[in-house]
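First listed ligand is number 1; within each ligand, the first listed atom is number 1. Being a predicted model, the structure only gives us computed values, none of them experimental.
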Amino acid sequence: MTARSTGSPSGSPSGRPGPASSRTTPPPGATVPEPSGPDRRDLDLKLADYDGCFGCGDQSSDGLRVKQTGITGTEVTGEFTVLEAHQGAPGLAHGGVLATAMDESLGSSAWVLGKRYVTGRLETDFMAPVPVGSTVYLRSWCTGVDGRKAYLQGEGRIGGPDGPIAVRAAALFIEVPEEHFSREREG
Ligand SMILES: CCCCCCCCCCCCCC(=O)SCCNC(=O)CCNC(=O)[C@H](O)C(C)(C)COP(=O)(O)OP(=O)(O)OC[C@H]1O[C@@H](n2cnc3c(N)ncnc32)[C@H](O)[C@@H]1OP(=O)(O)O
């Protein structure tokens, strides 16, 4: 696997600091590997096998049903529409729903790295309220990998890929062995 240097973190469109704390910022020397995960066709097959995810599955009527729309390097784009079931304050998306959408998006970007990752830490900045009925455009990318730790950032924009930023996120994902998931199921 070849590697390139860690890119600089996303800018700060509002003058606020970026979303990443020291725990979600890659250490010096961390690199972003070339993705070795699935191509688009494999991805569709994989998702067809797994409808139960609250973030992207089709089985949960109140789930977010995030649709992944593109993969370029480690950057994954997706979108979902805010339903009434996703409200916090009347008419507005619940912050936890937006955090879940970011977890899904960041997790998809980790997934294209080609290993099994779970979210260890998730940080979010809520930048603007999101009305029910809005489509939120998600974008996440990897900022560095250091051993078992993958660092990711992402954003959700309202109404279009270039719309106003509603939420920004930074996360640390941890690589786990396959047994992680069977162990969790067995309790
Ligand atoms: C393209 C589209 C594709 C779509 C495909 C589907 C995508 C699906 C997307 C779905 C998306 C949804 C995804 C989800 O929702 S995943 C579900 C939510 N997450 C979990 O359930 C994870 C629960 N936690 C655990 O299982 C364990 O705690 C893990 C496995 C994370 C670590 O326990 P483990 O015993 O294995 O390892 P360790 O404790 O030695 O830690 C290892 C290292 O990591 C560091 N560390 C750990 N935690 C933190 C922290 N919080 N901040 C800072 N650092 C942290 C730690 O200090 C250590 O560092 P060092 O001492 O080595 O330096």
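Among Gln68, Arg121, Lys149, the residue whose heavy atom sits closest to atom 60 (P) of ligand 1 is Lys149. In the candidate list Leu172, Thr74, Thr119, Thr119 is nearest to atom 13 (C) of ligand 1, counting heavy atoms. Residue nearest to atom 46 (N) of ligand 1, selected from Val176, Val118, Ile174: Ile174 (by heavy-atom distance).
Evaluated for a side-chain contact (heavy atoms from CB on, under 4.5 Å) with Pro19, the options Gln153, Met127, Glu155, Glu123 yield exactly one hit, Gln153.
At least one N or O atom of Gly120, backbone or side chain, sits closer than 3.5 Å to an N or O atom of ligand 1. Among the atoms of Asp103, some N or O lies under 3.5 angstrom from an N or O of ligand 1. Looking at ligand 1, you'll find an N or O of Arg23 within less than 3.5 Å of one of its N or O atoms. In terms of polar-atom proximity, Arg148 is counted as a contact of ligand 1, with an N or O under 3.5 Å from an N or O of the ligand. For ligand 1, the polar-atom distance check against Glu104 finds no nitrogen or oxygen pair separated by under 3.5 Å.
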Residues 144-151, side-chain donor-acceptor partners within the protein, below 3.5 Å, at least two apart:
residue: Arg148; atom: NE; partner: Glu175; partner atom: O; Å: 3.0
residue: Arg148; atom: NH2; partner: Glu175; partner atom: O; Å: 2.9

When the side chains of residues 89-96 are checked against the rest of the protein, which donor-acceptor pairs come out under 3.5 Å, sequence neighbours left out?
residue: His94; atom: ND1; partner: Gly96; partner atom: N; Å: 2.9

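Side-chain contact of Ser109 with Ser140: a donor-acceptor pair under 3.5 Å is absent, judged by distance alone.
Using a distance-only test at 3.5 Å, with no hydrogens or angles considered, a donor-acceptor pair links the side chain of Arg65 to the main chain of Asp58.
No side-chain heavy atom of Arg168 sits under 4.5 Å from any side-chain heavy atom of Phe126.
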